[in-house]
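To keep things clear, I will list the structure first and then write my remarks on it.
Values in this document were obtained by computation on a predicted structure and should not be read as measured data. Here, residue 1 is the first one in the sequence, and each next residue gets the next number. Heavy atoms only: backbone and side chains are in, while hydrogens, waters and symmetry mates are out.
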Amino acid sequence: MRAPCRIAYAACLLLLAGIISNSPVDASSAVIKGVRIPCSNEGEPVRLQDTRLEQDWSSCFRCICKNGFVDCRSGAEECGQMDDCAVVMPREGCCTKCKGCWYNGTEHASHTEWNDDGKVFRCEAGVITISRPECYAPCDRPKQQRHTHNNCPVCDECVINGQRVWEGRDVRIPEEPCLSCRCLHGSLSCVKRACPVLPCARSQQHMPLGECCPRCLHPNSDKLLPNPGNVPWKPCIIGKEFHAHLRPFRVDPCTDCTCMNGTAVCSRHTCPVLTCAKALPPAPGKCCPECPQIEEAKTACVIGGKIYQDGDTWQLDACKSCECHSGEPRCAMERCPTLTCPPDQTLRQMPGQCCPKCVDMDGICTVFGDPHYKTFDGKFYSFQGSCKYQLASDCVNGTFSIRISNDARNTSHSSWTRTATLRIGPTKINMGKKMRIKVNGRRVTLPHKINGVAEIVKSNGSVLLKSEIGVQLLWDGDGFLEVTVSSAYKGKLCGLCGNFNSVARDDMRTRDGKHLNDTWKFGSSWRVGGTRACTRRQKQRMNVPLRQSKIVKARRLCRGFVRYESFMECTTKVNPHHYQEACELDARSCSGTRCHCAAYRAYARECTRFGAEPKNWTHTAWCEGAAPPWLSRNRKNRGPKTKGTNLMDLGNIPMFTNKKVRPPPPILHL
């Protein structure tokens with residue numbers, strides 16, 4: 001039995017049958033004991049239910065199949081925010097919760113706020129902070145307008161210190177990090193709020209980078225103090241100080257509090273907005289800092305050797321701009337929201353924009369070995385047809401099509417991808433053996449550019465074709481092909497690479513729209529070019545009994561996916577199961593000594609895409625250098641093969657000779 005493991009929140013685990021633990025599981029910290037298990041329904045939900053568990057966790061976690069592993073996130077029963085929780089309460093159901101607040105007979109969760117009579121109330125781990133926001137108008141003629149940002153005056157233009165504020169976004173200024181300016185309905189409204197009172201001591205507080213308010217360093221468990229006399233009222237704890245029920249106390253010159261049955265209710269003064277670059281600290285007994293008196297106002301700012309007159313603005317980057325005010329630069333920076341993208345999207349920084357946003361992932365389809373296919377939606381299957389096929393095509397607008405030609409290599413059951421052809425309008429680009437490239441039937445040398453259509457270059461031992469319409473092909477000249485399409489083609493594609501709709505189970509649709517589970521019938525439905533494009537008679541591959549020695553050798557060649565140290569980091573990110581199956585299939589059906597290497601190379605490529613590039617695997621996996629004696633033992637007495645009997649011996653192909661093997665192709669998209 002494997003030892004239990006602990007995985008963090010973004011990739012929690014299911015529990016394997018027979019290894020189920022009865023230890024408490026907490027959805028808010030998202031730690032489940034057990035072993036990470038594989039899955040085959042890529043992109044689809046996975047149910048988290050088992051009669052051997054002490055409770056049904058399906059409401060605590062929402063699980064899907066991602067990269068061949070079960071990936072779980074918070075489920076229907078929301079636990080609430082636990083980040084920076086100062087006081088942790090015992091777990092109830094799915095969640096460990098942060099201590100809340102009681103006020104006027106109502107319970108409020110931690111990290112929540114509400115408004116009443118122009119005041120802002122915020123609950124922070126058993127402490128309620130009451131403050132009145134300070135308004136600020138960065139324009140000469142503000143307008144009074146109700147139902148805006150705390151009913152503050154607004155400016156007609158959403159610009160502050162030269163920085164444009166986009167609709168619904170916040171902007172902060174360095175001099176007043178707690179001042180928030182927001183653009184709503186085309187008008188700019190700015191308000192400053194007081195920081196909430198924290199239940200931890202000042203020595204246990206820290207100021208996060210880019211934030212205006214401190215937070216507690218470490219969470220504490222809710223303290224149960226002795227209650228002399230069995231009085232029903234609960235005391236309050238702020239830092240290391242104990243405060244009895246209804247006892248008033250002062251936290252600082254700006255804050256007065258009263259303990260109300262375990263909840264500290266504090267009134268805190270909000271200091272006015274300061275526009276000076278360097279403020280003076282509060283005078284003794286005073287609450288707020290002040291700006292120093294200016295003896296002589298300047299009329300220009302000198303920044304980096306450049307002179308800016310009063311009122312001039314300049315852009316530092318997409319997020320930050322500045323304006324010269326009386327000789328001092330005043331800047332504003334857009335504040336980006338925290339985003340969590342769904343599984344089929346990724347966070348991407350768009351050119352010229354300040355904040356990243358969730359965008360659909362590009363689709364990637366891979367063909368390798370005796371051909372094995374991984375569709376745009378992540379479905380794996382093997383299809384040994386030896387004709388010409390439609391790999392991928394825009395079946396809605398007809399903008400492009402990709403066809404591949406598979407060669408039987410004089411065998412009765414195996415095949416490999418010999419050429420790939422991309423057609424965009426009248427342009428036809430053919431990628432053949434040894435990376436020979438033809439454009440409209442004429443061979444070209446690389447690099448080569450087709451104006452308004454595509455650019456073709458050599459990259460890291462492969463050919464990279466980048467088209468202007470968001471389609472890219474990576475071809476190594478010897479059977480490995482990777483097709484990358486823009487997310488704009490989502491739901492518009494058809495062919496052997498599937499329909500690119502984020503659902504793997506419906507990828508095997510034939511040309512006439514039927515859904516099949518038979519890979520041979522599915523693949524054959526996408527055949528093009530007639531029987532003349534086939535290199536052998538087409539019939540479904542039969543399971544031929546193999547010698548036990550050949551099966552043992554194939555397993556030995558392909559066990560490195562889970563044994564070699566080079567792949568250890570990757571096995572936690574990309575499930576190697578399908579690649580190992582493909583490796584064994586190739587090693588059993590091929591008479592060469594390097595046939596297993598195609599699967600290793602494809603897996604190494606996928607690992608690199610996920611930030612876990614394997615190092616020095618080619619020698620360990622016998623894909624470089626001399627073959628091991630046990631692999632070539634039965635081949636000693638065989639004479640040299642003739643040219644016409646190359647039974648898919650990848651050892652005779654330039655890519656797999658004893659010379660240095662090309663590294664995995666480069667990553668196109670991260």
Side-chain angles (χ1 to χ4, degrees), residues 351 361-369 371 373-376 388-394 397-407 416-489 492-493 495-497 500 528-529 533 598 601-602 604-606 608-609 653-656 659-670:
M361 291 183 182
D362 292 343
I364 299 177
C365 177
T366 308
V367 185
F368 65 95
Y373 300 82
K374 182 184 179 185
T375 68
F376 293 121
K388 184 180 289 186
Y389 302 93
Q390 180 173 305
L391 183 68
S393 179
D394 179 359
N397 301 315
T399 56
F400 76 93
S401 68
I402 301 173
R403 293 182 175 184
I404 56 172
S405 294
N406 291 348
D407 190 350
W416 68 295
T417 302
R418 184 182 64 206
T419 64
T421 303
L422 170 65
R423 186 184 292 272
I424 301 175
T427 304
K428 180 179 177 182
I429 305 171
N430 179 269
M431 310 171 79
K433 291 177 60 176
K434 299 182 180 180
M435 295 185 283
R436 297 188 182 101
I437 307 299
K438 292 182 179 180
V439 177
N440 293 332
R442 297 182 61 183
R443 187 171 175 180
V444 298
T445 57
L446 303 184
H448 183 77
K449 185 171 184 179
I450 309 169
N451 291 330
V453 178
E455 183 178 6
I456 314 167
V457 297
K458 281 190 176 181
S459 177
N460 200 22
S462 298
V463 173
L464 174 61
L465 188 161
K466 300 176 69 174
S467 74
E468 299 287 336
I469 61 171
V471 178
Q472 296 185 142
L473 274 69
L474 189 71
W475 170 249
D476 74 345
D478 198 51
F480 179 88
L481 175 65
E482 182 182 88
V483 179
T484 303
V485 295
S486 163
S487 58
Y489 291 102
K492 300 179 180 179
L493 304 184
L496 296 181
C497 282
F500 190 28
V528 295
R601 287 169 60 80
R605 163 78 174 160
E606 191 78 355
T608 304
R609 185 179 295 111
I653 301 173
M655 172 182 159
F656 295 122
K659 297 180 181 180
K660 188 174 180 181
V661 175
R662 292 191 304 274
I667 294 300
L668 304 184
H669 295 282
L670 294 177

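Residues R601 and D476 are in side-chain contact: their nearest non-hydrogen atoms beyond the backbone lie under 4.5 Å apart.
Shortest non-hydrogen contact noted between C365 and T375 is SG-CA, 4.2 Å. Considering all non-hydrogen atoms of both residues, A392 and C497 come closest at CB-CB, 4.3 Å. S486 approaches D362 most closely through the heavy-atom pair CA-OD1, 3.6 Å. Nearest heavy-atom pair, F368 versus F480, reported as atom, atom and distance to 0.1 Å: CB-CD1, 4.0 Å. Across all their heavy atoms, N440 and P426 have their closest contact at OD1-O, 3.4 Å. The minimum heavy-atom distance linking V367 with Y373 is given by the pair CG2-CD2, 3.6 Å.
Residue pairs meeting the side-chain hydrogen bond (donor to acceptor under 3.5 Å, both in side chains) criterion with at least one member in residues 422-431, sequence neighbours excluded, are T421-N430.
Of the candidates I456, L464, L481, L391, L473 forms a side chain to side chain contact (heavy atoms under 4.5 Å, CB included) with just one, namely L481.
With sequence neighbours left out, the side chain to side chain contact (heavy atoms under 4.5 Å, CB included) criterion links N451 to K449. Looking at residues two or more places apart in sequence or on another chain, you find no side chain to side chain donor-acceptor pair (under 3.5 Å) involving T366. Listed by chain and number, the residues in a side chain to side chain contact (heavy atoms under 4.5 Å, CB included) with R443 are R436, K438 (sequence neighbours excluded). Shown here are the side chain to side chain donor-acceptor pair (under 3.5 Å) partners of S393, two or more places apart in sequence or in another chain: there are none.
Separating the CD1 atom in I437 from the CG atom in L446 is a distance of 5.5 Å, to the nearest 0.5 Å. Atom CG of L422 sits about 11.0 Å away from atom CD of Q472, to the nearest 0.5 Å. Rounding to the nearest 0.5 Å gives a distance of 11.5 Å between NZ of K388 and CG of N406. To the nearest 0.5 Å, atom CZ of residue F376 and atom CE of residue M361 are 15.5 Å apart. Note that CD1 of I424 and OG of S467 are 4.0 Å apart. Values are rounded to the nearest 0.5 Å.
W475 places no side-chain N or O within 3.5 Å of a backbone atom of M435 that could act as its donor or acceptor partner.
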Do any side-chain atoms of residues 397-404 form donor-acceptor pairs under 3.5 angstrom with protein atoms, and if so which ones, sequence neighbours left out?
residue: T399; atom: OG1; partner: D394; partner atom: OD2; Å: 2.7

